[in-house]
Protein chains: 2
Amino acid sequence: MRTLDHPERDEMRLDTVLAALADPIRRHIACRLNSTDDDHACATFELPVSKSTSTYHFRTLREAGVIRQEYQGTSIMNSLRKDDLDARFPGLLDSVFTAQNIEGGAAVISA
Amino acid sequence: MRTLDHPERDEMRLDTVLAALADPIRRHIACRLNSTDDDHACATFELPVSKSTSTYHFRTLREAGVIRQEYQGTSIMNSLRKDDLDARFPGLLDSVFTAQNIEGGAAVISA
DNA sequence: CTCGTACTTCGACAGTTACCGTACTACGAA
DNA sequence: TTCGTAGTACGGTAACTGTCGAAGTACGAG
């Protein structure tokens, strides 16, 4: 079974988390994981980029500590590390999602 | 009198604001403007970079809408656009400052 | 008017980021 | 065991970022 590295809660760096969330595609992924409670495979996101670029964005989020990725057969189940993020940087995630909703409205990913 | 361009409240982009705050030097500037109420000239920050690099970071913050810069003689008075930011992206700034304090503790700018 | 101070502008540069396509691996199903 | 699906790894690339120093500008003070 393949496994993937995740930072511990107290290893999360604000620089990295903010940089991860500064990208519209990655924010879209995080928002979507936040709004529905279940896990999602990478492929279900229909991002406007190639598969290899998707991998890159998911990895960036995982390495920042924003999402958790776990293999399940040939797929990866992605979930938001909301508890960990909230414990480490209280309120940050919520304020970003709120901001995203305010600004984005319908725009989603026009990038 | 020289003047500097600032985005309107509703022109502020989440991408840009998050990218601005993702840099430790810029976050340091913003945090310091937040913790003391008065305006500050650029030179009072003693950043660990050259003068031209300072200019670049201050400009990045201003163009994102995070700070306001106004000439006063040969100096520039910098202030945090807290009201505007809070109106546009409620809670965002505070959660970033909280996160900065949690993580940074004493570190300030070790970058 | 001349000088110093405070900041900007410019060009250069190294490093990083976001992106792609091709080739690959790991797993489940047939 | 062979095939399809899901995602990774790699090499390349264009654009962006953070940095510098040198030269320039705008203002206040003398």
Side-chain angles (χ1 to χ4, degrees), chain A residues 1-6 13-30 32-33 38-64 66-79 109-111, chain B residues 1-6 13-30 32-33 38-64 66-79 109-111:
Chain A
M1 180 54 130
R2 289 167 292 176
T3 53
L4 295 157
D5 264 13
H6 295 78
R13 301 280 290 103
L14 183 53
D15 279 23
T16 317
V17 171
L18 288 178
L21 295 173
D23 183 280
I25 292 188
R26 291 193 292 260
R27 218 161 45 233
H28 171 72
I29 295 171
R32 169 131 161 225
L33 288 173
D38 27 313
D39 293 354
H40 289 283
C42 297
T44 66
F45 283 81
E46 300 184 23
L47 303 175
V49 291
S50 74
K51 218 160 47 143
S52 46
T53 304
S54 279
T55 299
Y56 161 70
H57 285 302
F58 278 102
R59 181 167 26 114
T60 303
L61 285 168
R62 171 170 50 81
E63 289 176 350
V66 177
I67 65 172
R68 187 170 298 282
Q69 298 195 283
E70 279 165 310
Y71 274 100
Q72 197 148 313
T74 123
S75 301
I76 284 180
M77 286 304 135
N78 296 282
S79 54
I109 15 173
S110 42
Chain B
M1 180 55 131
R2 289 167 291 177
T3 53
L4 295 158
D5 263 13
H6 294 78
R13 301 280 289 103
L14 183 53
D15 279 23
T16 318
V17 171
L18 288 178
L21 295 174
D23 183 280
I25 292 188
R26 293 194 291 259
R27 218 160 46 231
H28 171 71
I29 295 171
R32 169 130 159 224
L33 288 173
D38 26 314
D39 292 355
H40 290 282
C42 296
T44 67
F45 284 82
E46 301 185 19
L47 303 174
V49 290
S50 75
K51 219 159 45 142
S52 47
T53 303
S54 278
T55 299
Y56 161 71
H57 284 303
F58 278 101
R59 179 163 30 105
T60 303
L61 284 167
R62 170 170 51 79
E63 288 176 352
V66 177
I67 65 172
R68 188 169 296 284
Q69 299 194 281
E70 278 165 310
Y71 274 100
Q72 196 149 312
T74 125
S75 300
I76 284 182
M77 286 304 136
N78 297 283
S79 54
I109 13 172
S110 41

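The sequence lines fix the lettering, A, B, ..., with proteins before strands; numbering per chain opens at 1. Side chains are part of it too, since the values below use all heavy atoms of this structure and drop only hydrogens, waters and symmetry mates.
- Atom CD in A:Glu46 sits roughly 12 Å away from atom P in D:dA6 (whole-Å rounding).
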Please write out each protein N/O paired with an N/O of nucleotides 6-10 of chain C under 3.5 Å, distance rounded to 0.1 Å.
{"residue": "C:dA6", "atom": "O4'", "partner": "B:Thr74", "partner atom": "OG1", "Å": "2.5"}
{"residue": "C:dC7", "atom": "OP1", "partner": "B:Cys42", "partner atom": "N", "Å": "3.2"}
{"residue": "C:dC7", "atom": "OP1", "partner": "B:Ile76", "partner atom": "N", "Å": "3.2"}
{"residue": "C:dC7", "atom": "OP2", "partner": "B:Ala43", "partner atom": "N", "Å": "3.0"}
{"residue": "C:dC7", "atom": "N4", "partner": "B:Lys51", "partner atom": "NZ", "Å": "2.6"}
{"residue": "C:dT8", "atom": "OP2", "partner": "B:Thr55", "partner atom": "OG1", "Å": "2.7"}

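- Taking atom CG on A:Asp23 and atom P on C:dT16, their separation rounds to 18 Å, with Å as the unit.
- Between A:His57 and C:dC19, a side-chain N or O to OP1/OP2 separation shorter than 4.0 Å is present.
- Applying the salt bridge (charged side-chain N to carboxylate O under 4.0 Å, His left out) test to A:Arg68 and every residue at least two apart in sequence or in another chain returns A:Asp84.
- In this structure, the CZ atom of B:Arg27 is 15 Å from the C1' atom of D:dG18, given to the nearest Å.
- For A:Leu18 and D:dT17, the CG to P distance is 16 Å, given to the nearest whole Å.
- We find that CG of A:Asp5 is positioned 13 Å from P of D:dT8, with the value rounded to whole Å.
- Rounded to an integer number of Å, the gap from B:Glu63 CD to D:dT17 P is 11 Å.
- Look at CG on A:Asp15: it is 14 Å from P on C:dT16, rounded to the nearest Å.
- For A:Leu47 and C:dC19, the CG to C1' distance is 13 Å, given to the nearest whole Å.
- Considering only heavy atoms from C-beta on, B:Arg27 comes within 4.5 Å of A:Asp15 through its side chain.
- Remark: A:Arg13 pairs with B:Glu103 by the side-chain hydrogen bond (donor to acceptor under 3.5 Å, both in side chains) rule, at least two apart or across chains.
- B:Asp23 pairs by the side-chain hydrogen bond (donor to acceptor under 3.5 Å, both in side chains) definition with nothing, not counting sequence neighbours.
- In this structure, A:His6 has no side-chain hydrogen bond (donor to acceptor under 3.5 Å, both in side chains) partners at least two apart in sequence or on a different chain.
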Side-chain donor-acceptor contacts of residues 48-58 of chain A below 3.5 Å, not counting sequence neighbours, with atom names and distances?
{"residue": "A:Ser50", "atom": "OG", "partner": "A:Ser52", "partner atom": "OG", "Å": "3.3"}
{"residue": "A:Ser50", "atom": "OG", "partner": "A:Thr53", "partner atom": "N", "Å": "3.3"}
{"residue": "A:Ser50", "atom": "OG", "partner": "A:Thr53", "partner atom": "OG1", "Å": "3.1"}
{"residue": "A:Thr55", "atom": "OG1", "partner": "A:Lys51", "partner atom": "O", "Å": "3.2"}
{"residue": "A:His57", "atom": "ND1", "partner": "A:Arg26", "partner atom": "NH1", "Å": "3.2"}

